[in-house]
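Just so we're on the same page: letters track the sequence lines, and every chain starts at 1.
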Protein chains: 2
Amino acid sequence: MTDSGIGIDIDIDTSRNAPATLHDVAREAGVSLATASRTLNGSTRRVKDEYRKRVLEAAARLDYSPNLSAQAVARGTTTTVALLVADIADPYFSSIAAGVVAEADTAHLIVTMAATERDPERELELVRTLRGQRPRVMILAGSRPTTDPTGGALVEELRAYERSGGRVVLISRNELALRTVLVDNRRGAEALARELVGIGYRRFAVITGAEGLRTAADRVDGFRDGLAATGGELRDADVIRDAFTRDGGYSGMRALLERGLEGVELVFAANDVMAVGALSAIRDSGLAPGTDVAVAGFDDIPTVRDITPALTTVRVPLEELGHRALRLALADTDADAEGPVQTEVVLRESTPGISR
Amino acid sequence: MTDSGIGIDIDIDTSRNAPATLHDVAREAGVSLATASRTLNGSTRRVKDEYRKRVLEAAARLDYSPNLSAQAVARGTTTTVALLVADIADPYFSSIAAGVVAEADTAHLIVTMAATERDPERELELVRTLRGQRPRVMILAGSRPTTDPTGGALVEELRAYERSGGRVVLISRNELALRTVLVDNRRGAEALARELVGIGYRRFAVITGAEGLRTAADRVDGFRDGLAATGGELRDADVIRDAFTRDGGYSGMRALLERGLEGVELVFAANDVMAVGALSAIRDSGLAPGTDVAVAGFDDIPTVRDITPALTTVRVPLEELGHRALRLALADTDADAEGPVQTEVVLRESTPGISR
DNA sequence: CAAGTTGTGGGAAGCGCTTTCTCGACGACG
DNA sequence: CGTCGTCGAGAAAGCGCTTCCCACAACTTG
């Protein structure tokens, strides 16, 4: 087509520029567009072997690859799932993302990803943008403050999206009345508290995220419950709030140290990245984490096995969260038939225990 | 439309089901489809303020969101960039992904992501699938073995994609003659070797990935160069090959320890996740990493600041890699005008030095 | 053997958009 | 006052597909 016409031109397809269309394939195979379409996608209609073969060969010869956008507009439905996370580089979210991507792959869906950077306004805007894609599913991970004023608009937007046939799944943020993969944060933290008291700790401090962060709040509440039941002590002044990130954990711990530990034996950070930051802060101040002051986290992100001291934490099956979110979205039922995701306390060296 | 017609129904739009189309907006605004289209996207044509206003209001009232698939098919071009990584949960790739997503955001592009799981066949298949999306850009991160038999098919596929107007960018895998964001692995490793010899180390071992992995090979070669220039010693028997992952690092180190260190003072792992695994292996065997045997890595993934001992490594600006990959794809030039990405040696406690 | 059934190919409408082209309205100019 | 330009709205032709519908042939039936 594009070559000058003179000269030997064997592989005609490689000299073309635009990708082959179904039209090209049909022409090449000497059949109608309809027949070509029916052969190259799982239509219910049968196509005689003779034709089918010709179409398949033509498609291979032209290196045909169906235009997904065109299919989407013709079919009125896409094969896309949109995933919103706070921060892709955060191991918590990247593990979840890995699960979503893996599950999507088995369902022959394509994942598009965006990062909210923990900014509620950005999140809202991203949801709006991504709606344009008409994804089959939208998965939102990472809780937003319940106090946020744009929360209503977000819900409204998600509802509108659902009304138009989309499926929304939230991961670990049940504040909205939408499909949710629930993590039993409360029970997990409670179990952790019990175990820690069991190995001898009595005086605790907590480093958590901003007020209104549901996940963080549940974990702290659960922890409190566990302590209350077993006689552990957590004073209000020993609950520190900071950013829900590694650096937040660092500076929260720093603040605690500067003020003076005042008998605190163990610091519970509401997630692992914060705990990791806290560990570094302890070390930087010349103390030995684990022995001088114990630390526990939540999530069991992959790296905490490898830090020293290895971190005591509550395991959340993060990749599984991603898998479940997508399965839930694709399921017929509204509710999560599998129930809340169970967690498991993992004691490691960062809480060696105290013998009394 | 769907409601029974009786009763007060104020916000008409929320009761609809299908998302509003441009057609709906045009009708609502009392203008033609063309005018609506021109107002709602940056066309070159002017639309009179009066009409413009009516369209904008109608769009807002109907909560109109343009169907990206339809736009793509009408315009013959999408706003998508496809990103292929080996493993999303790996901090190396998730950092790169974060960079790509951030850069895509500023360019108003949408990122779709897939994981090859380090399987060359899968990679090829994913490229084929993703071509159907007609992405503007495809970014492939994570090197594949140069020895892989499907390599030719991959290149052919990518070439075909480029011929049809797409842009391909590879990250740190220059084996193919395609646009590439190059990391100066060789120079980085060389500088690392020099510094390590400078602080007293003489006998080295290396844990690296499978033969044929370009990135790994460059790092090892550079390391060798640096040693050769400064009198460090690396025996062939002390080069261990294993998987290019955390667990590969662990088992590689394990193998080295079981065989006996035989005077090796420092182990260089070809990437940080391997180094982290090696550190754990050392610890698990009862030795003290850093003091009994030093360890160095490569990449400077975020977590290595927080492990103990903090890991000596070569910093690669991972997020920046993602940014540059997309910028390069979108640039007019073929070559990377910014030159190879520079690295920087970061000495930390895992290599305290040896005084002689 | 006429009158249904089935099975399968192809024509054409249509999905939601963009963009070319047509054409009327209006102002400037000689 | 007639003629040209220019501006800008709208009709309509696509973009690459899917799918409804019709046509026709080959079979069944009673």
Asker: Are there more than 12 heavy atoms of other residues, nucleotides or ligands under 6.0 Å from atom CD of B:Glu121?
Answerer: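 It does not: B:Glu121 CD has 12 such atoms or fewer within range.
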Asker: How many angstroms lie between CG in B:Leu326 and CG in B:Leu83, if you round to the nearest 0.5 Å?
Answerer: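 One finds 9.5 Å between CG of B:Leu326 and CG of B:Leu83.
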Asker: Give, for atom CG of A:Leu328 and atom CD of A:Glu103, the distance between the pair rounded to the nearest 0.5 Å.
Answerer: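 CD of A:Glu103 is found 11.0 Å from CG of A:Leu328.
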Asker: Tell me the interatomic distance from B:Arg75, atom CZ, to C:dT20, atom C1', rounded to whole angstroms.
Answerer: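 Roughly 16 Å, once rounded to whole Å.
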Asker: Under the side-chain hydrogen bond (donor to acceptor under 3.5 Å, both in side chains) definition, can you give me all pairs with a residue in residues 124-138 of chain A, not counting sequence neighbours?
Answerer: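 Residue pairs passing side-chain hydrogen bond (donor to acceptor under 3.5 Å, both in side chains), neighbours aside: A:Thr77-A:Arg136, A:Thr112-A:Gln133, A:Arg128-A:Glu157, A:Arg131-A:Glu157, A:Arg131-B:Asp63, A:Arg134-B:Ser65.
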Asker: Please state how far atom CD in A:Gln133 lies from atom P in C:dC17, giving the value in whole angstrom units.
Answerer: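 Rounded to whole Å, this separation is 14 Å.
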Asker: Nucleotides 23-28 of chain C: which of its N/O atoms have a protein N/O under 3.5 Å away?
Answerer:
none

Asker: Can you list everything that forms a salt bridge (Lys or Arg N to Asp or Glu O under 4.0 Å) with A:Glu117? Sequence neighbours excluded, please.
Answerer: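 Testing A:Glu117 for salt bridge (Lys or Arg N to Asp or Glu O under 4.0 Å), a comparison that skips the adjacent residues, returns A:Arg122.
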Asker: Drop me the distance from A:Arg54's CZ to A:Glu28's CD, to the nearest 0.5 angstrom.
Answerer: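 Spacing of CZ (A:Arg54) from CD (A:Glu28) equals 11.0 Å.
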Asker: At under 4.0 Å between heavy atoms, which parts of nucleotides 4-12 of chain C does protein reach? Answer with one letter per nucleotide, 5' to 3': B base, S sugar-phosphate only, - none.
Answerer: ----BBBB-
Asker: Please round to the nearest 0.5 Å and tell me the distance separating atom CD1 of B:Ile139 and atom CD1 of B:Ile96.
Answerer: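 Taking CD1 in B:Ile139 and CD1 in B:Ile96, the distance rounds to 10.0 Å.
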Asker: Who pairs with B:Arg167 by side chain to side chain contact (heavy atoms under 4.5 Å, CB included), at least two apart in sequence or on another chain?
Answerer: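 By the side chain to side chain contact (heavy atoms under 4.5 Å, CB included) rule, B:Arg167 matches B:Val137, B:Arg179, B:Ala329.
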Asker: Is the shortest distance from a Lys or Arg side-chain nitrogen in B:Arg52 or B:Asp49 to a carboxylate oxygen in the other one below 4.0 Å?
Answerer: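 Answer for the salt bridge query: no.
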Asker: Drop me the distance from B:Phe93's CZ to B:Ile171's CD1, to the nearest 0.5 angstrom.
Answerer: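 These two atoms lie 9.0 Å from each other.
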Asker: Ignoring backbone atoms, establish whether B:Asn41 has a side-chain N or O less than 4.0 Å from OP1 or OP2 of C:dC17.
Answerer: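 Answer is no, no contact under 4.0 Å.
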Asker: Where does the chain A footprint on DNA chain D start and end, counting 5' to 3' with a 4.0 Å heavy-atom cut-off?
Answerer: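 Contacts span D:dG16 to D:dC21, reading 5' to 3'.
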